[in-house]
Amino acid sequence: MENHEEPPVRNFSLILSFLGLGSLVFLLGFYLTFARPLGRGPDEFLHLAYIHHLINNWQLPVATLPAEANVASQESVQPPLYYLLSALTLAPLPGSFFEAWSRPLINILNFTAKQGWALENSPLFAAPPDLWPMATLVSGYLLRILSIVLGIIGFIALYLLGKHLTGNYWLGLASALWLALTPAYLETTSSVTNDALLIPLAGFTIYSLFTPGDRKTLILGLLLGLLALTKVNGLLLLLPGIIAMASPQEYRLRRVATILLLVALIAGWWYLRNLFLYGEPSGISAMLAIEAEKGALSPEPLSRSLTEAVVISLQSLVAPLRPYLFLGVIGLIGLIPALRHAEKKRVILLLAFILILGGGAFILWAGGFPHGRNARLLLPVLPALSALWAMGMASLVPKHFYALVPGIVVLGGLPGLVDGFRAPPLYENAYQFIPVLSPYDRPSIAQQTSVSFGENLVLRGYTLDENGKNLYVSLLWSLQKNPAEEISIFVHIDRAGGERTLAQSDTFPPYDTPYIRSWPRGVEVVNVHRLRLPQRRPLWVQVGAYHRETLERLVAVDQNGERLLHDLVLIDILE
């Protein structure tokens, strides 16, 4: 692509703009990181459970049935690169690290809550910090910051791709902003998820398709191998990579063979392992079996129309950014005149082919999973979309106005993002569901017990704290057996003797917590309940569980095998 030299003054202004607008992306990711309670990211606790398993066992999980036997549910079949990177980040940290960073984290979360910036009114943020599993929280938020760093690296990759294909620095910056300011990008790069690593790898892979150099084959093979070891949909870029390297007549077979060899060396062992364990290399069959047992598969695959699936995808990508979407449509329309140039036409067709591959895979996946209609599943191919948009803008906007495009992108996207982030709280007494991922957390649950509720749940411990007019109750649970019906947990404050309930807190999945029937078996979890304290005492604090459909209580049995009165465990008497 033709490159346009920028005068020194413009170079200086470009550097300031890049640092300023890049910082905007970082600050938005930082805000989302601490404005959402840990676990509200996509399948975040399942990703954390995977990482925790690696740290404790240093062996990869194996997907199996029944569904609840898996370490991280359906995520157990995910390729391991992101999880290994995260485990290597956390494993060397001593207990003193978690103690040192507990106070800064508490200050940040309390400040966010007091300013009214938190997206949810979680009682965890209002509860006394000594009730928080701090080592788990420090670990989770540290990994979220790692995702922000990966998001910034992805932003740089998008900038380089757009700059190279348009020959202009300003349009490169605009194309990076156009994708990085979408809710899908920001949510992914502020959560604990393997998609956060997928973004920069995909961006640099597509960039490598169009850059010359003696080491291009090696770099492309390395990136494709890392993509295949990060997530199965990273393989979508393998075929475009082979096509790009096979187009020159000279040494094309050697180039293709080198790429395939590198991918096989880096990621081949994982797919051979899957072939041995599950009978096919991707592991998707095991994932489907787990999801089917959990009832998460659509009864009629592809039952929704193609148009509806595309609309849902666009909504999850850019809603509520209507001006932003309008700006995107203008840029893509600009591809029509760009097709007149032979060199640009080849690039546009290859980028379009990448999008078609990703779109086809997305439609198949979205047809099978009711929760699969999310644009983050398109992340491996979205850099191609931003590159096409930049090329379209280059053909429509006069060169003298290129420097204005990044500002227009920000003005078009930022108001919608601000409105989208102002989400109302869900429930005043909604509790936070936290897997205990660190052994440093267990001593914080002061009272140890062992009370079984049915064949499913065991209450392992609890801690109470009176704070003004509120009582905060932390409960430590483990799941022994997958329940056939969904269960709710409740805490009651009763008059002494238990004749009348004065305050209570019940769980309401999926708003307060993931469905209990989907908890991975053997993973201990903490939840925090907030209850308003009645004035008259003495008071009994009691815990129980019931079936959501029938409202029938689960039988509560103590460690001696004795059934408890009214199937309630009395955990404290407040005098």
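Taking the side-chain hydrogen bond (donor to acceptor under 3.5 Å, both in side chains) definition, one finds that Arg537 meets it with Glu466, sequence neighbours left out. Every residue meeting the side chain to side chain contact (heavy atoms under 4.5 Å, CB included) condition with Gln559, not counting sequence neighbours, appears here in chain and number order: Ser450. Annotation: salt bridge (Lys or Arg N to Asp or Glu O under 4.0 Å) contacts of Arg495 (sequence neighbours excluded): none. By the ring pair (Phe, Tyr, Trp, His ring centres under 6.0 Å) test, Phe155 is found to be paired with Phe18, residues two or more places apart in sequence or in another chain being considered. In this view, Ser76 satisfies the side-chain hydrogen bond (donor to acceptor under 3.5 Å, both in side chains) rule with no residue, not counting sequence neighbours. In terms of the ring pair (Phe, Tyr, Trp, His ring centres under 6.0 Å) criterion, residue partners of Tyr50 (sequence neighbours excluded) are, by chain and number, Tyr83. Under the rule for a salt bridge (Lys or Arg N to Asp or Glu O under 4.0 Å), the partners of Asp567 that lie at least two apart in sequence or sit in another chain are Arg563. Ile148 is linked by a side chain to side chain contact (heavy atoms under 4.5 Å, CB included) to Phe26, Phe30, Thr33, counting only residues two or more places apart in sequence or in another chain. Applying the side chain to side chain contact (heavy atoms under 4.5 Å, CB included) criterion to Val149, with sequence neighbours excluded, gives Ile153. Residues meeting the ring pair (Phe, Tyr, Trp, His ring centres under 6.0 Å) test with His53, sequence neighbours left out: none. Here Thr449 pairs with Val451, Leu459, Tyr462 under the side chain to side chain contact (heavy atoms under 4.5 Å, CB included) rule; sequence neighbours left out.
Between the side chain of Gln542 and the main chain of His492, no donor-acceptor pair closer than 3.5 Å is present. Side-chain atoms of Tyr185 come within 3.5 Å of backbone N or O of Gly151 as a donor-acceptor pair. Between the side chain of Asp558 and the backbone N or O of Asn560 there is at least one donor-acceptor pair closer than 3.5 Å. Checking side-chain atoms of Ser386 against main-chain N and O of Ala176 turns up no donor-acceptor pair under 3.5 Å. In this structure, Thr89 contributes its side chain and Leu85 its backbone to a donor-acceptor pair below 3.5 Å. Between the side chain of Arg553 and the backbone N or O of His566, at least one donor-acceptor pair lies under 3.5 Å.
Contact check for Val192 versus Tyr82: side-chain heavy atoms found under the 4.5 Å cut-off. Side-chain atoms of Pro79 and Thr230, non-hydrogen and from C-beta on, never get closer than 4.5 Å to each other. In this structure the side chain of Asp494 never reaches within 4.5 angstrom of the side chain of Arg500, judged on heavy atoms. Put simply, the side chain of Leu137 does not reach to within 4.5 Å of the side chain of Ile106, judged on heavy atoms. Within the 4.5 Å cutoff, the side chain of Leu198 has no heavy atoms near those of the Leu201 side chain. By the 4.5 Å heavy-atom criterion applied to side chains, Leu60 and Leu54 are counted as neighbours. The shortest side-chain heavy-atom distance between Leu539 and Leu471 does not fall under the 4.5 Å cut-off.
Distance check: Ile145 CD1 to Ser190 OG gives 11.5 Å after rounding to the nearest 0.5 Å. In this structure, Leu160 CG and Ile156 CD1 are separated by 7.5 Å, a value rounded to the nearest 0.5 Å. Note that the OG1 atom of Thr64 and the CD1 atom of Ile290 stand 8.0 Å from one another [nearest 0.5 Å]. Summarising the geometry, atom CG belonging to Leu502 is positioned 13.0 Å from atom CH2 belonging to Trp540; distances are rounded to the nearest 0.5 Å. Separating the CG atom in Leu554 from the CG atom in Leu457 is a distance of 7.0 Å, to the nearest 0.5 Å. Here the CD atom belonging to Gln78 is positioned 8.0 Å from the OG1 atom belonging to Thr193, to the nearest 0.5 angstrom.
Contact record, Ile266 with Leu226: CG2-N, 4.0 Å, taken as the closest heavy-atom pair. Leu161 approaches Pro383 most closely through the heavy-atom pair CD2-O, 3.5 Å. Between Tyr472 and Arg530, the closest heavy-atom pair is OH-CD, 3.4 Å. Closest non-hydrogen pair, Leu46 versus Ala72, comes out as O-CB, 3.1 Å. Heavy-atom minimum distance, Leu379 versus Ala202: O-CB, 4.2 Å. Shown here for Tyr141 and Arg36, the closest heavy-atom pair between the two residues is OH-O, 3.4 Å.
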Practice problem: Kindly determine whether Leu90 and Leu142 satisfy side chain to side chain contact (heavy atoms under 4.5 Å, CB included), including the steps that lead there. | Solution: CA-CA 9 Å; Leu90 294 180; Leu142 177 62; 3.7 Å; yes

Self-check item: side chain to side chain contact (heavy atoms under 4.5 Å, CB included) between Gln504 and Val491, intermediate numbers included
Solution: CA-CA 5 Å; Gln504 72 181 67; Val491 179; over 6 Å; no

Exercise. Apply the test side chain to side chain contact (heavy atoms under 4.5 Å, CB included) to residues Trp270 and Leu81: give CA-CA distance (whole Å), side-chain angles for both, the deciding distance (0.1 Å), then the verdict.
Key: CA-CA 10 Å; Trp270 170 259; Leu81 182 59; over 6 Å; no

Exercise. Determine, stepwise, if the pair Leu93 / Val138 fulfils side chain to side chain contact (heavy atoms under 4.5 Å, CB included).
Key: CA-CA 11 Å; Leu93 301 178; Val138 171; over 6 Å; no

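Ring planes of Tyr207 and Phe204: perpendicular class, angle over 60° (limits at 30 and 60°).
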For a quick test of your reading: what N or O donor-acceptor pairs under 3.5 Å do the side chains of residues 568-575 make, sequence neighbours left out?
none

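Residues Asn56 and His52 have side chains that bring a donor and an acceptor to within less than 3.5 angstrom of each other.
No more than 12 heavy atoms of other residues, nucleotides or ligands shown are found within 6.0 angstrom of CD on Gln535.
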